[in-house]
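Shown next, in structure tokens, is the structure this report addresses.
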Amino acid sequence: MMQISLSGWASTGLRCPDVEIDLVGAKRKPAKVALIQMPNGTGKTTTLELLKATLTGKADSWPEDKVRSYRRHGDATAKGRFRVTLLMDDRPLTFELTLDFENGTAGYRTTTPGSGGVVSMWKPPGQMRNFLTPEFLNLFIFDGEFADELLERDAGRADKAIDALCQLYLLEHVAAVADRKWKSKTIQGGPTTASGLEKHHQQLVAYVKRKEDLTKAREVAERKADAIATIIAELTAKIADRLSSVEATQTQHNAAQLALQAATAAVDRTAAEVMSGLRMPLALHPVFSGALLELKENLDHLKLPENTSAQFFVDLCEESDCICGRPMSEVARAEIIKRSKGYLDAEESGTINALKHDIATFIAGPRDSSAHDRLQISLAALATARREQRQAEQTLRALAKELIDGGDEALKEWERSLEQNKTQQAEYKSMLLKIDATNESEDADPVWSLKLLETKLNEVRDKIAAITKTVKLKNQTAAIHSILERTVTLARERIRNELVIESNGRLETVLANDPLRISHIDKSLHLAHQGGASVGQKLSVGYTFLMSALNRGNNDFPLVVDSPANPIDEGVRRNIGKLIPELCTQFVGFTINTERAGFVTALERASDDCLFLTMFRKTPGTQRLMQNLPASGVTETDNAILVRDRGYFMSFDVTREED
């Protein structure tokens with residue numbers, strides 16, 4: 001288990017104020033709760049962005065214009081710096097980001113005392129790398145929008161949070177190790193197979209990449225199709241309500257709606273009848289009946305099965321000579337009787353008898369066309385039902401057009417949106433059909449079918465294994481993959497269910513006056529008995545879920561939140577404030593003065609280690625705020641004031657926030 005704390009940060013020459021934030025509290029270690037009060041326009045968003053950029057090492061890939069966007073307006077400073085200090089199991093780890101505004105570039109320095117000192121690059125210790133990724137940091141450094149994303153199915157944030165916090169990605173690392181081990185063995189082919197082996201390895205890499213891309217594309221298409229289906233249903237209901245509520249179209253709409261329902265039911269029924277008929281070859285053409293009857297007559301003529309075949313061997317043993325011309329001996333007779341049981345045995349006889357029975361059951365005579373006739377009747381009924389369905393749909397479209405032509409702009413917009421969404425849905429469904437296809441040509445390039453791709457992957461793996469004589473290792477690697485995939489699925493499902501129970505238990509406290517609960521987790525958080533929630537409700541659910549997941553993890557991380565209580569009412573603020581110190585080892589909140597009520601007092605009561613910081617820019621509009629500064633705990637820079645004092649924090653009030 002590893003404990004990671006945020007010790008502080010410092011910024012100079014950037015569009016956020018030049019200031020050094022020290023989060024060490026009275027116990028000479030990072031305070032359990034640190035609240036930084038900053039009026040809007042003081043640089044909260046910029047600070048959060050730079051915190052993430054500095055910790056992830058991603059700024060060195062920023063384009064020039066993005067690097068220069070962090071330069072303070074009207075400032076000619078050539079470079080800006082942002083430094084973040086962490087404590088990793090009480091050992092300091094510092095990352096410094098330098099933005100060169102003249103050249104539009106970014107660079108890093110990493111300081112790790114006791115293990116290499118200072119290096120001119122982003123280089124965290126190995127055990128920290130997995131935690132300093134954008135996906136992982138977004139779980140601990142976030143604002144209210146992240147809580148929204150936890151409830152958005154498209155984003156899939158809840159599952160990603162579970163995977164990250166419960167370290168399910170470690171199982172993927174095990175699979176990767178197994179793959180590398182297999183590849184290290186298979187790469188050692190002899191001189192005569194080296195070029196062929198390399199070609200197969202290149203194919204393997206390409207197929208694996210294609211499979212990953214198609215799997216992701218399928219997930220996106222499925223989510224989008226489901227989301228669009230909901231939109232289509234809502235728009236269809238709106239259009240139907242409008243058509244049924246307008247007197248001019250009400251009667252015709254009701255009649256057309258009933259006709260459409262009846263026709264749709266008829267289409268479903270007759271389509272099922274047609275599919276059932278198509279499964280019988282004799283229904284496709286009468287010639288099948290004659291051919292099957294001829295087969296039965298031939299079997300009867302040959303007196304098959306079983307009795308004739310058994311009698312043949314008995315009669316043969318009574319002859320003086322075998323059919324091959326040699327004299328029949330007792331040894332030969334005994335061997336013939338012994339081996340005769342292997343010819344046309346009971347299983348084969350049963351199959352022949354069943355075949356003859358089915359032919360007699362389904363075909364009345366040589367020219368029997370009843371199955372074919374029934375199929376033709378079903379096809380005609382399907383065509384009629386489909387025609388009636390189209391006519392009802394055309395009637396509904398005509399009624400809608402009549403209202404649109406009369407100036408119904410809302411209906412016009414709904415119809416336009418409905419067509420757009422239907423087109424998008426068709427595209428996603430078409431993609432899903434291609435990805436799920438089972439009959440794609442083996443020569444397809446690129447391959448769209450996941451099934452065909454899996455077949456090609458197995459083929460190339462078999463070739464590599466055969467060349468390098470590592471079939472056993474290849475099968476063991478496949479078994480490891482299968483076990484790990486199943487393990488991840490089962491673990492994620494179990495954790496989901498446990499988190500739902502834990503989160504709902506805490507929601508009973510957090511939202512004591514609100515029945516809002518989580519029904520289940522499937523990529524995102526799904527609320528019970530309601531489709532949406534207010535901003536405050538979403539943030540409360542998001543907090544509760546993240547804190548429940550954080551409490552389960554094997555490592556401790558700081559929770560850094562922008563405007564942690566802004567949209568939440570005072571009663572809920574108090575309940576969340578009580579829980580935060582229990583469920584995370586360090587909480588850092590960027591607040592404004594309007595968030596103090598309820599939230600700050602609850603935090604302070606629940607924790608004996610609270611740090612209160614207040615920061616504002618030095619501008620002509622904030623000169624009045626400098627008149628009542630406390631006697632101690634004040635740090636002044638060229639462009640900012642930082643106050644480390646609880647009393648000042650609680651009395652700080654900004655009636656006009658500066659940009």
Distance check, rounded to the nearest 0.5 Å: S449 atom OG versus N439 atom CG?
8.0 Å
Could you check if a side-chain atom of V460 sits within less than 4.5 angstrom of a side-chain atom of Y207, using non-hydrogen atoms only?
yes
So, K209 and E212, do they make that salt bridge, N to O below 4.0 Å?
no
Keeping E440 on the side-chain end and V447 on the backbone end, is there a donor-acceptor pair under 3.5 Å?
no
For R386, salt bridge (charged side-chain N to carboxylate O under 4.0 Å, His left out) partners two or more places apart:
none
Treating K52 as the side-chain partner and I141 as the backbone partner, does any N or O pair qualify as donor plus acceptor under 3.5 Å?
yes
CD-CG distance between Q389 and L260, expressed to the nearest 0.5 angstrom
6.0 Å
From CG (L379) to CG (L278), nearest 0.5 Å:
6.5 Å
In the structure I gave you, are the side-chain heavy atoms of R390 and R387 within less than 4.5 Å of one another anywhere?
yes
Test your reading of the model: is there a side-chain donor-acceptor pair from S378 to the backbone of R374, 3.5 Å cut-off?
yes
Could you walk me through whether V67 and T105 pass side-chain contact (heavy atoms from CB on, under 4.5 Å), step by step?
CA-CA 6 Å; V67 171; T105 59; 5.9 Å; no
Do V208 and L204 come close enough that some side-chain heavy atom pair is under 4.5 Å?
yes
Using side-chain heavy atoms (C-beta onward) and a distance below 4.5 Å, is H481 in contact with T477?
yes
Flag the pair W122 / K58 as yes when at least one side-chain heavy-atom distance between them is below 4.5 Å, and no otherwise.
no
When rounded to the nearest 0.5 angstrom, what is the spacing between CG in D436 and NZ in K451?
11.0 Å
Which of these passes side-chain contact (heavy atoms from CB on, under 4.5 Å) with L55: T133, L50, L137?
L137
Examine distances only and state if a side-chain atom of S482 and a backbone atom of A479 form a donor-acceptor pair shorter than 3.5 Å.
no
Rounded to the nearest 0.5 angstrom, the OG1-CD distance for T395 and Q257 is 11.0 Å
Heavy-atom closest pair, residues A175 and L484
N-CD1, 3.5 Å
Do you know which two heavy atoms are closest between V500 and S519, and how far apart they sit?
CG1-O, 4.0 Å
Side-chain heavy-atom pair L507, N504 within 4.5 angstrom cut-off:
yes
Counterpart residues, salt bridge (charged side-chain N to carboxylate O under 4.0 Å, His left out), relative to E234 (two or more places apart)
none
How close do L457 and K211 get, heavy atom to heavy atom, and via which atoms?
CD1-CD, 3.7 Å
Show the numbers, then the answer: is there a salt bridge (Lys or Arg N to Asp or Glu O under 4.0 Å) between R496 and E493?
CA-CA 5 Å; R496 282 173 175 171; E493 188 60 32; 3.1 Å; yes
Approximate separation, where rounding is to 0.5 Å, of L432 CG and E222 CD
6.5 Å
Nearest heavy-atom neighbours spanning I521 and L525
CG1-CD2, 3.8 Å
Residues pairing under side-chain hydrogen bond (donor to acceptor under 3.5 Å, both in side chains) where one sits in residues 420-430, two or more places apart or in two chains, turn out to be R416-Q420, S417-N421
Looking at every non-hydrogen atom in both residues, tell me the closest pair between I518 and S503 and how far apart they are.
CD1-CB, 3.8 Å
Exercise: identify the closest heavy-atom pair between A385 and A263:
O-CB, 3.8 Å
